[in-house]
Amino acid sequence: MTEENQLIQVYRKLYQLYGPQGWWPLMDWEGKNPRKSGSSRGYHPLNYSLPENSRQRFEVILGSILTQNTAWTSAEKALWNLKNLDAVHPQSLLQLETEILKEAVRPAGFFNQKSVYLQNISRFFLELEDNVPSRKELLEVKGVGNETADSILLYAYHQPQFVVDNYTKRIFSHLGFVKENSSYSEVKDLFERCLPRSVPIYQEYHALIVEHAKRYYQKKPYTEIHLI
DNA sequence: AACCAGGACGTGA
DNA sequence: TCACGTCATGGT
């Protein structure tokens, strides 16, 4: 079987195992508690047009920075703090006192740098107005690296950019698709070469990889799961 | 009680 | 380029 078909087979298998993941998770803006709306898992019910407005886009962007090397549950607490400060808007976030912002970000870890990163991306978002940023422009923002840039493009702007994280490298080097020390772009190019250029597929595949890794790739030795 | 989490940056080879 | 130290809270 060709490499392309194998990667597609793995995708089908993961989808069949776990179902649609509905990323990117958005907060329940109407409700009062930090519970997410949508499907039973809390995420969007197969609605790939989300996010649908500027505020939701900005929420995805904040989350992509808050969750850097941090569990989503922790990032979510910080997001909820920001919402309670009415700071899920670039202007209001930039008006927060630094100490207030840091306290809100604290539960997500790395709060000193992430606070600055959030201010940086807020300024960038304001200057963008309603334009779609390029990958290069995003990478020029201090605090936005490869994965965060691709997450923003894929989940906030519906651009077909495959997101690679540590889990992706862990699983697919274990399965023999890539070397352990492959670069970000090597892995990204592999997926983009093998998969149809589809935003929903890119979105689901990355989310399914995370779900699978959480179950079977937390600690060594990794147990071989039959994915092909 | 170590170890890891949906990384990025600065530094020095 | 690339390996390594640093940043930090919260859950297992």
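Just so it is clear: chains get the letters A, B, ... in the order the sequence lines come, proteins before strands, and each one is counted from 1.
Sorted by first and then second residue, the ring pair (Phe, Tyr, Trp, His ring centres under 6.0 Å) pairs involving residues 122-154 of chain A (not counting sequence neighbours) are A:Phe58-A:Phe125.
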Sub-3.5 Å pairs of nitrogen or oxygen atoms, protein against nucleotides 11-13 of chain B:
none

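Closest to the side chain of A:Ser74, from the set C:dA8, C:dG10, B:dG10, is C:dG10. Here the nucleotide nearest the side chain of A:Lys142, chosen from B:dC9, B:dA8, C:dA8, is B:dC9. Nearest nucleotide to the A:Lys77 side chain, out of C:dG11, B:dA8, C:dC7: C:dG11. Of all nucleotides listed (B:dA5, C:dT9, B:dG7), B:dA5 comes nearest to the side chain of A:Gln218. Each of C:dT9, B:dA8, B:dA5 was ranked by its minimum atom distance to the side chain of A:Ala71; first place goes to B:dA5.
Remark: nothing in residues 156-176 of chain A comes within less than 4.0 Å of DNA chain C through any heavy atom.
Contact record, A:Val178 with A:Ser182: CB-OG, 3.6 Å, taken as the closest heavy-atom pair.
Taking atom CG on A:Leu139 and atom P on B:dA8, their separation rounds to 9 Å, with Å as the unit.
For B:dA8, the OP1/OP2 oxygens have a side-chain nitrogen or oxygen of A:Thr148 closer than 4.0 Å. Phosphate contact (OP1/OP2 of B:dA8, side-chain N/O of A:Asn146, threshold under 4.0 Å): absent.
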For A:Tyr48 and A:Glu204, run side chain to side chain donor-acceptor pair (under 3.5 Å): C-alpha distance rounded to whole Å, both residues' side-chain angles, the deciding distance at 0.1 Å, then the answer. CA-CA 10 Å; A:Tyr48 296 102; A:Glu204 289 295 350; 2.5 Å; yes
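To the nearest whole angstrom, the two P atoms, one in C:dC4 and one in B:dC4, are 16 Å apart.
Taking the nucleotide of DNA chain B with the nearest heavy atom to each of A:Tyr117 and A:Thr73, the more 5' of the two is matched to A:Thr73.
With respect to the salt-bridge test (charged N to carboxylate O, under 4.0 angstrom), the residues A:Arg193 and A:Glu3 qualify.
Base engagement by A:Gly109 is indicated by at least one non-hydrogen atom pair under 4.0 Å involving a base atom.
Between A:His206 and A:Tyr155, the angle of the ring planes lies from 30° to 60°, which puts this pair in the tilted group.
A cation-pi contact, defined as under 6.0 Å to the ring centre and within 45° of the axis, is absent between A:Lys77 and A:Trp80.
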